[in-house]
Amino acid sequence: MNLIGTKWKPLILFHLLEGNLRSGVLQKKILGISNKMFTQTVRELEKDKLISRKVFPVVPPKVEYELTKRGKSLESILKSLDTWGIEDCKS
């Protein structure tokens with residue numbers, strides 16, 4: 001829980017299950033997250049080796065995030081949380 005037990009980390013990880021996402025696209029998928037909180041959260045996830053960051057040497061800068069092998073190992077947990085949340089909203 002120390003690795004994913006915040007408000008934003010599971011959401012970022014869940015969206016990265018779709019595959020690699022550019023920074024701006026990923027941030028737009030996380031409704032309500034500020035730039036500062038997004039940056040802080042992806043840095044923590046990267047430090048914990050759950051995601052990796054790739055910077056492309058182009059102008060304007062292009063940054064892409066993807067799940068690492070360690071991050072992908074959370075797939076069943078993240079999908080179970082999503083399923084639970086959907087079912088809970090129905091009741």
Side-chain angles (χ1 to χ4, degrees):
M1 287 306 293
N2 289 338
L3 296 177
I4 63 168
T6 68
K7 179 178 181 178
W8 303 112
K9 287 179 181 181
L11 293 171
I12 290 172
L13 293 167
F14 182 79
H15 286 295
L16 287 173
L17 290 173
E18 302 169 16
N20 300 4
L21 290 173
R22 288 183 67 168
S23 180
V25 172
L26 178 57
Q27 188 171 354
K28 285 179 184 165
K29 290 179 177 275
I30 314 295
L31 300 177
I33 194 169
S34 67
N35 280 335
K36 179 183 176 185
M37 186 54 64
F38 177 78
T39 301
Q40 179 183 328
T41 305
V42 293
R43 284 182 182 162
E44 289 173 7
L45 289 168
E46 190 177 9
K47 180 182 73 85
D48 292 332
K49 298 183 178 7
L50 294 173
I51 66 172
S52 64
R53 177 179 183 255
K54 184 174 182 181
V55 180
F56 295 87
V58 295
V59 176
K62 177 182 170 184
V63 176
E64 207 173 73
Y65 291 99
E66 69 177 316
L67 291 176
T68 62
K69 184 177 180 180
R70 186 179 194 198
K72 288 176 185 173
S73 72
L74 294 167
E75 182 172 3
S76 62
I77 294 166
L78 294 167
K79 286 186 175 180
S80 293
L81 286 170
D82 183 53
T83 302
W84 179 85
I86 291 168
E87 293 301 316
D88 186 60
C89 285
K90 291 179 183 176
S91 55

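Just so you know, these numbers come straight off a predicted model, no measurement behind them. We count residues from 1, following the sequence as given.
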*Asks:* Could you measure the distance from the CZ atom of Arg43 to the CG atom of Asp48? Nearest 0.5 Å is fine.
*Replies:*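 One finds 14.5 Å between CZ of Arg43 and CG of Asp48.
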*Asks:* Determine, step by step, whether Leu3 and Lys9 satisfy the side-chain contact (heavy atoms from CB on, under 4.5 Å) criterion, reporting the C-alpha distance in whole Å, the side-chain angles of both residues, the deciding distance to 0.1 Å, and the verdict.
*Replies:* CA-CA 8 Å; Leu3 296 177; Lys9 287 179 181 181; 5.9 Å; no
*Asks:* Determine the minimum heavy-atom distance between Thr41 and Met37, stating which atoms define it.
*Replies:*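 Closest approach of Thr41 to Met37, heavy atoms only: OG1-O, 2.7 Å.
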*Asks:* Start with the C-alpha gap between Leu17 and Lys79, add the side-chain angles, then the distance that decides, and say whether side-chain contact (heavy atoms from CB on, under 4.5 Å) holds.
*Replies:* CA-CA 9 Å; Leu17 290 173; Lys79 286 186 175 180; 4.2 Å; yes
*Asks:* Starting at NZ of Lys69, measure out to OG of Ser52 and round the result to the nearest 0.5 Å.
*Replies:*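 Answer for the NZ-OG pair, Lys69 versus Ser52, is 14.0 Å.
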*Asks:* Do any pairs count as a side-chain hydrogen bond (donor to acceptor under 3.5 Å, both in side chains) and have a residue in residues 21-33, sequence neighbours left out, and if so which ones?
*Replies:*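 Output for this query lists Glu18-Lys29, Gln27-Asn35.
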*Asks:* Who passes salt bridge (Lys or Arg N to Asp or Glu O under 4.0 Å) against Lys7, sequence neighbours left out?
*Replies:*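 With sequence neighbours excluded, Lys7 shows a salt bridge (Lys or Arg N to Asp or Glu O under 4.0 Å) to no residue whatsoever.
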*Asks:* Out of curiosity, Leu21 CG to Glu64 CD, how far, rounded to the nearest 0.5 Å?
*Replies:*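 Here the interatomic distance stands at 7.5 Å.
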*Asks:* About how many Å separate CD1 of Ile12 and CD1 of Ile4, when rounded to the nearest 0.5 Å?
*Replies:*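 The CD1 atom of Ile12 is 12.5 Å from CD1 of Ile4, to the nearest 0.5 Å.
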*Asks:* Does the distance from a Lys or Arg side-chain N to an Asp or Glu carboxylate O, for Lys47 and Glu44, drop under 4.0 Å?
*Replies:*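 Result for this pair is no, no salt bridge flagged.
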*Asks:* Using modelled atom types only, decide if a donor and an acceptor are shared between the side chain of Ser73 and the backbone of Arg70 within a distance under 3.5 Å.
*Replies:*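 Yes: the side chain of Ser73 pairs with the backbone of Arg70.
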*Asks:* Among Leu67, Leu74, Val42, Leu50, which residue satisfies the side chain to side chain contact (heavy atoms under 4.5 Å, CB included) criterion with Leu16?
*Replies:*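 Among Leu67, Leu74, Val42, Leu50, the one meeting side chain to side chain contact (heavy atoms under 4.5 Å, CB included) with Leu16 is Leu67.
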